[in-house]
There are 2 protein chains.
Amino acid sequence: MVRFQEAQLDRTFSALSDPTRRALLARLEEQDAVSVSELAQPFAMSLPAVMKHLDVLSDAGLITRTKTGRTVSCRLNADPMEEAMGWLARYQRFWTQRLDALEGMLEERRRSREPDGGAGNV
Amino acid sequence: MVRFQEAQLDRTFSALSDPTRRALLARLEEQDAVSVSELAQPFAMSLPAVMKHLDVLSDAGLITRTKTGRTVSCRLNADPMEEAMGWLARYQRFWTQRLDALEGMLEERRRSREPDGGAGNV
DNA sequence: CCTTAACTCAACTATATGGTTAGGTTTCAA
DNA sequence: TTGAAACCTAACCATATAGTTGAGTTAAGG
């Protein structure tokens, strides 16, 4: 049985629950290191607003920030996501089960169509 | 490129960000259908508090409720979790990459130890 | 040296969240 | 038919969240 850090999961899922923050992470997924102002640029909101989001991401351990001169570089840290996926994985059987059931139903239909000439259409 | 329902992800991640709600889901993972009062029983909080959590889970589509007589049965619906995992999967390379790097490093160490007799211990 | 870019901080606002208590309604069952 | 179980609703409270504006601070660069 896997043990989860409840408080860490709280922060991770909470951080991921905002579209702005997910967009910030998506940006850092495609570009290794991005400055605060570069990250803020695409958004309609003010710079301090974006910085608050970065604080949340940082508290959740999803990004790291390193200052060089007057610019701050942000990088992704996906480790907390791994734990989040680990938690979700427990429920995976519910949809794979559903897919198995669907597959089984299709198989059933296929077999029942083969003998005769395709009578029982829905 | 996979397209995500942003508002749905908001609700899903937000619903998962609370330990009480995750515990409720965990309960429904091991028991197919559970009544509201049964679900509430293990928690120190009041029944209306638990019911608010159930509302959140229901709004996120993570549970369904069916009333029979005076008792309400709750069931898990994992579908929104599948989408959440889909979103997270995009970042999976960051930790598999890290594991690959670790594996590579261990391989490196193993090979460098083989020739001589195990000198460079950390 | 002075200006400007890049960021930080503080104060304020509105709304959301997570909890409470008190008082319903509906249904079952003695 | 009356009482209690099971659930719902409403009103309230404290704190957190997501944004704003305005005023710093620090570091390049002409």
Side-chain angles (χ1 to χ4, degrees), chain A residues 6-28 31-76 80, chain B residues 6-28 31-76 80:
Chain A
E6 292 296 329
Q8 178 54 54
L9 282 175
D10 290 3
R11 281 190 298 263
T12 306
F13 283 128
S14 182
L16 296 178
S17 74
D18 183 276
T20 303
R21 287 194 291 265
R22 286 200 305 276
L24 289 167
L25 292 171
R27 175 74 188 277
L28 291 171
Q31 196 177 342
D32 184 50
V34 188
S35 75
V36 170
S37 42
E38 271 183 288
L39 279 172
Q41 191 271 320
F43 297 98
M45 68 190 70
S46 67
L47 186 63
V50 173
M51 284 178 46
K52 282 193 188 183
H53 284 300
L54 293 176
D55 287 344
V56 174
L57 291 172
S58 186
D59 288 349
L62 286 164
I63 64 165
T64 57
R65 284 177 289 194
T66 50
K67 191 163 192 166
T68 323
R70 61 181 163 173
T71 82
V72 172
S73 243
C74 300
R75 280 164 188 282
L76 178 68
Chain B
E6 292 297 328
Q8 179 55 54
L9 281 176
D10 290 4
R11 280 189 299 262
T12 306
F13 282 127
S14 182
L16 295 179
S17 75
D18 183 275
T20 302
R21 287 193 292 264
R22 287 198 306 276
L24 289 167
L25 292 171
R27 175 74 188 277
L28 291 171
Q31 195 176 345
D32 183 51
V34 188
S35 75
V36 171
S37 42
E38 271 183 289
L39 279 172
Q41 190 272 322
F43 297 99
M45 69 190 69
S46 67
L47 185 65
V50 173
M51 284 176 47
K52 281 194 188 180
H53 285 301
L54 293 176
D55 287 344
V56 174
L57 291 172
S58 185
D59 288 349
L62 287 164
I63 63 166
T64 58
R65 284 178 289 194
T66 51
K67 191 163 190 165
T68 322
R70 62 181 164 174
T71 81
V72 172
S73 244
C74 301
R75 281 164 187 282
L76 178 68

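Quantities reported herein were computed from a predicted structural model and do not represent experimental measurements.
Using a 4.0 Å heavy-atom distance criterion, B/S46 is classed as a base contact. Nucleic acid contact class of A/T71 (heavy atoms, under 4.0 Å, all strands): sugar-phosphate only. Residue A/R65 is out of contact with every strand shown, counting any heavy-atom pair closer than 4.0 Å.
Here D/dG19 presents its P atom at 4 Å from CE of A/M45, a figure rounded to the nearest Å. The interatomic distance linking B/D18 (CG) with C/dG19 (C1') rounds to 11 Å, in whole Å. We find that NZ of B/K67 is positioned 13 Å from P of D/dA6, with the value rounded to whole Å. At whole-Å resolution of the value, CZ in A/R11 and P in D/dT17 are 12 Å apart. Atom CE of A/M51 is separated from atom C1' of D/dG24 by 12 Å (rounded to the nearest Å). Taking atom CG of residue A/L54 and atom P of nucleotide D/dG19, one finds them 12 Å apart after rounding to whole Å. Remark: C1' of C/dG18 and CG of B/L47 are 15 Å apart, rounded to the nearest angstrom. Distance CG (A/L16) to P (D/dT17): 14 Å, rounded to an integer number of Å.
Side-chain contact check for B/L62 versus B/L28: every heavy-atom pair is 4.5 Å or farther apart. Contact of the B/R65 side chain with the B/S58 side chain is registered, since non-hydrogen atoms from C-beta on lie closer than 4.5 Å. The shortest side-chain heavy-atom distance between A/R22 and B/F13 falls under the 4.5 Å cut-off.
Nearest to the side chain of A/P48, among D/dA18, D/dT21, C/dC7, sits D/dT21.
If you take NE2 on A/H53 and CG on A/L24, they are separated by 7.5 Å, rounding to the nearest 0.5 Å.
When all heavy atoms are compared, the tightest approach of A/S17 to A/R21 is OG-NH2, 4.1 Å.
In terms of position along DNA chain D, the nucleotide closest to B/S73 lies nearer the 5' end than the nucleotide closest to the other residue of the pair B/K52 and B/S73. In this structure, B/V36 and A/T20 both approach DNA chain D, and ranking their closest nucleotides by distance from the 5' end singles out B/V36.
Taking side-chain N and O atoms only, A/S35 has no distance below 4.0 Å to OP1 or OP2 of C/dA6.
The base of D/dA28 is not paired with the side chain of A/R70 by any donor and acceptor separated by under 3.5 Å.
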